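The shown structure was predicted, so the numbers you read here are calculated from the model rather than taken from an experiment.
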Amino acid sequence: MLTTPEAYAASLDSPGKDWLVDFLGYMAERHGDITPVMFRQRPMYKVGKSYVLFNVAKSHISVHTMNFDLIEGLKGQLPGADFGKGCVKVKFTDEAARPVLRALCDEVVRVNRLPDPPPVDTVPILSYAEQLEVALPGVRAKWIPLYAQLLDMARARLPAFVEFFPAVSIRWKHDTTFAEISGTAAAMRVEFYAASPRPEVQPVKTRQLSANRVAHTVELTDGSRFDDLLVWIAESYALTQKPQKRGQANEQRNAASHQTPPERPRLSARSH
């Protein structure tokens, strides 16, 4: 089995070997920070969500990439080449194609390379209050006290979870997200998950995420429905956990509902 680019090159005869060695050397010189890996015994340079892969056949070398548009753009430059989806095949006799293929490799790297992260000392560290203001900006900041009330009640009734601030929302997570809070000018929005549609919740929006998971979004303007809401969030917590942890979460859900078994609460589309 060929486990390195060098072993693959050594297994070839000229002129295919010469072409491959030339491109391996070019990639090492221009893009030495990208370490090639072997994919189906062929050298591949992974860049972001794309790649450059070289394959040598009896009479030609082929270059493969996920950047189909770049391959398409070569058709006018390489009239003697053959093209497939994400692939260009150049005969060994076509020496004029070498610089074109090198430019293709450079362009694949350029468009797919992730930007360098900023230095650690330049990344702003936001306080908790500042993160809340980012999550609920502008007129939506008026929901921050209401959110704090809901959070305190959830901390007391649910198993452990963390807050995550992706952008203009707040996600509650354990193994994964089980609730997401955001805001509009008119209301605070809470999204949670159930195993099937719950029309009795009267959500403003539902999304079928999978066969046994439906996202429900409700809108609230005060805390009068929080007791009922936390029953549904506790169910969402259990639903989104790994199977071995659900038993403990189900017990916590029953405690949150103050009923055994819990009854399905009704949530209005917007509390007033």
Side-chain angles (χ1 to χ4, degrees), residues 131-243 245-246 248-272:
Q131 291 183 80
L132 284 177
E133 291 174 357
V134 172
L136 296 169
V139 295
R140 288 169 279 189
K142 64 184 178 182
W143 306 121
I144 291 178
L146 187 62
Y147 169 75
Q149 180 186 349
L150 177 63
L151 177 64
D152 286 344
M153 294 175 67
R155 293 285 191 203
R157 302 186 187 188
L158 300 179
F161 65 90
V162 297
E163 295 170 277
F164 181 67
F165 297 84
V168 288
S169 68
I170 307 161
R171 293 177 184 170
W172 292 357
K173 304 183 72 171
H174 45 72
D175 297 318
T176 186
T177 299
F178 66 93
E180 184 165 2
I181 295 86
S182 60
T184 67
M188 184 175 78
R189 288 191 162 195
V190 181
E191 180 179 271
F192 53 88
Y193 310 105
S196 60
R198 307 296 194 198
E200 63 268 33
V201 179
Q202 298 181 21
V204 296
K205 182 173 69 172
T206 61
R207 292 183 295 133
Q208 186 81 43
L209 303 180
S210 65
N212 61 349
R213 187 168 302 182
V214 182
H216 296 69
T217 301
V218 298
E219 292 187 342
L220 304 167
T221 57
D222 59 45
S224 62
R225 299 283 182 167
F226 280 177
D227 283 330
D228 289 343
L229 176 63
L230 284 170
V231 175
W232 291 99
I233 292 179
E235 180 175 311
S236 180
Y237 189 110
L239 178 68
T240 54
Q241 273 199 312
K242 295 179 180 178
K245 296 183 180 179
R246 287 179 182 168
Q248 180 182 357
N250 285 336
E251 293 177 4
Q252 193 71 34
R253 179 187 63 182
N254 291 340
S257 69
H258 304 295
Q259 301 177 38
T260 306
E263 296 181 357
R264 300 296 186 191
R266 295 182 61 86
L267 293 180
S268 60
R270 180 177 298 168
S271 301
H272 296 287

Where is the tightest heavy-atom contact between Pro137 and Val168, given as atom of each residue plus distance?
CG-CG1, 3.9 Å
Smallest heavy-atom separation, Ala179 atom then Ile233 atom, equals CB-CG2, 4.4 Å
Using only atom types and a distance under 3.5 Å, with no angle test, would you say the side chain of His216 pairs donor to acceptor with the backbone of Val201?
no
In terms of heavy-atom contacts, Ser182 and Ser169 come closest through CB-CB, 4.1 Å
In Å, rounded to the nearest 0.5 Å, how long is the span from CG of Leu151 to CZ of Phe226?
10.5 Å
I need the minimum non-hydrogen distance between Arg213 and Leu239, along with the two atoms involved.
NH2-O, 3.4 Å
Between CD on residue Glu200 and CH2 on residue Trp232, distance to nearest 0.5 Å:
4.5 Å
So, taking the atom named CD1 in Ile181 and the one named CD1 in Ile144, what distance separates them when rounded to the nearest 0.5 Å?
13.0 Å
Under 4.5 Å between any side-chain heavy atoms of Thr206 and Arg198, yes or no?
no
Please list all pairs passing the salt bridge (Lys or Arg N to Asp or Glu O under 4.0 Å) test where one or both residues lie in residues 159-174, with sequence neighbours left out.
Arg155-Glu163, Arg171-Glu180
Please output the side-chain donor-acceptor pairs of residues 185-194 that fall under 3.5 Å, not counting sequence neighbours, one pair per line with the distance.
| residue | atom | partner | partner atom | Å |
| --- | --- | --- | --- | --- |
| Arg189 | NE | Glu219 | OE2 | 2.6 |
| Arg189 | NH2 | Glu219 | OE2 | 3.0 |
| Glu191 | OE1 | Arg207 | NH2 | 2.8 |
| Glu191 | OE1 | Thr217 | OG1 | 3.4 |
| Glu191 | OE2 | Arg207 | NH2 | 2.8 |

What's the separation between atom CD in Gln131 and atom CG in Leu136, rounded to the nearest 0.5 Å?
12.0 Å
For Pro197 and Gln208, the nearest pair of non-hydrogen atoms, with its separation, is CG-OE1, 4.5 Å
Using side-chain contact (heavy atoms from CB on, under 4.5 Å), reason through Leu150 and Leu230 one step at a time and then give a plain yes or no.
CA-CA 9 Å; Leu150 177 63; Leu230 284 170; 4.1 Å; yes
Under the side-chain contact (heavy atoms from CB on, under 4.5 Å) rule, what do Thr177 and Phe164 come out as? Steps first, then yes or no, please.
CA-CA 9 Å; Thr177 299; Phe164 181 67; over 6 Å; no
So, the side chain of Trp143 versus the backbone of Thr184: is there a donor-acceptor pair under 3.5 Å, distance only?
yes
Quick one: ring pair (Phe, Tyr, Trp, His ring centres under 6.0 Å) partners of Phe161, sequence neighbours excluded?
Trp172, Phe178
